[in-house]
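Just so you know, residue 1 is the first one in the sequence shown, and it goes up from there.
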Amino acid sequence: MDCGICTSKTILLFLSLVFWGAGAALAYVGAYIIMSYKTFDSFVEDKQSLIPAGIIIITSVVMVVIGLVGCCSTLRESKFGLGCFFLVIVIVFAAEVTALAFIFIYQSKSAQINQELQRSMNETFTKYGDSLDTKAVDDLQSQLKCCGVVNYTSWHNTPWYQKNKTIPQSCCINKTQCDGTTASQFYQEGCVVKVEKFLHDVLNYAMLVILGFAIIKFFGMLSVCVITCRSSRRSGYEPLYA
């Protein structure tokens, strides 16, 4: 076996292992995005941002299969197997590019997202105290250290404030020493900005992961081409098993 074939096989076997690891990593990223949105599902009505997560999870399953096909095809130097390997890599590569495109499109609509998020949050905050969303609002303000939709004054327009004349304890920096009326006791940043930033950070993280694996796919396609071409050149000396 010449050096070129040996090197190409080593690369493809390594990439097969990478695909298995990448499949597990992508499954984690997809699940992380879905769970992150589920945390704030009471406030986020736009579900388009979950499309990349769905693509990522489907891609992760396919990548495990890719790793298995790639490993077997490389060891046998099967032209048919390597051809299938190459085709599947191209399909997954296209899926990852599509996911990247969806993320770019979603992030480009930041002004529209902010308006929709603010509208849905206003509706949820208005129901505070009279619905199951009460706990969701308290958890949101406590976890993100924010108060109100835009800021703490957003509470002044809610039925809760008009009835109790206080702002919820979840807005307080120090909950043991807070009367719910003094502005300096509250978190000063609004929740709409915090949630928007959090969701964008999640998508940026996903985008970097997808981009990294897309680059791996590119080198995988090159490796398949190398081993197929080199195998064809030496086919007169060593038989290939299809």
Heavy-atom pair with the smallest gap, counting every atom of V150 and S154: N-OG, 3.0 Å

Reported SG-to-CZ distance for the pair C146 and F186, which is rounded to 0.5 angstrom: 13.5 Å

Within one Ile-Leu-Val-Met-Phe-Trp-Tyr cluster: V192 and V195, side-chain cutoff 4.5 Å: yes

Modelled atom types, side-chain donor and acceptor of D179 and T181, under 3.5 Å: yes

M121-W160 co-clustered via ILVMFWY side chain contacts under 4.5 Å: yes

Would you give me the side-chain donor-acceptor pairs under 3.5 Å for residues 60-72, sequence neighbours excluded?
residue: S60; atom: OG; partner: I57; partner atom: O; Å: 2.5

Spacing of Q185 atom CD and Q177 atom CD [to the nearest 0.5 Å]: 9.0 Å

Under-2.5 Å SG separation for cysteines C171, C147: yes

CA sep, side-chain torsions, deciding dist, call: M207, L100, side-chain contact (heavy atoms from CB on, under 4.5 Å): CA-CA 6 Å; M207 184 173 62; L100 284 173; 3.4 Å; yes

Working for salt bridge (Lys or Arg N to Asp or Glu O under 4.0 Å), residues R119 and E123: CA-CA 6 Å; R119 178 179 58 80; E123 293 176 357; 3.5 Å; yes

Co-membership, hydrophobic cluster, residues W20 and I58, 4.5 Å side-chain: no

Side-chain heavy-atom pair I167, H156 within 4.5 angstrom cut-off: yes

Criterion disulfide (SG to SG under 2.5 Å) on C178 and C172, from CA distance to verdict: CA-CA 6 Å; C178 181; C172 298; 2.0 Å; yes

V97 with F86, same ILVMFWY side-chain cluster at under 4.5 Å: yes

Centroid separation Y128 to W155 less than 6.0 Å: yes

Straight-line distance of I215 CD1 to I210 CD1, nearest 0.5 Å: 12.5 Å

L211-I91 co-clustered via ILVMFWY side chain contacts under 4.5 Å: no

Intermediate values then yes/no, side-chain contact (heavy atoms from CB on, under 4.5 Å), K127 and T134: CA-CA 7 Å; K127 300 174 185 176; T134 299; over 6 Å; no

Sidechain-backbone polar pair: N151 side chain, T153 backbone, donor-acceptor under 3.5 Å: yes

L140 CG to T124 OG1 distance, which is reported to the nearest 0.5 Å: 9.5 Å

Donor-acceptor pair, side chain of K194 and main chain of L144, under 3.5 angstrom: yes

Distance in Å, F125 CZ paired with Y161 OH, rounded so as to fall on 0.5 Å steps: 16.0 Å

Side-chain donor or acceptor of Q141 paired with backbone N/O of G148 under 3.5 Å: yes

Separation between OG of S170 and NZ of K135, rounded to the nearest 0.5 Å: 11.0 Å

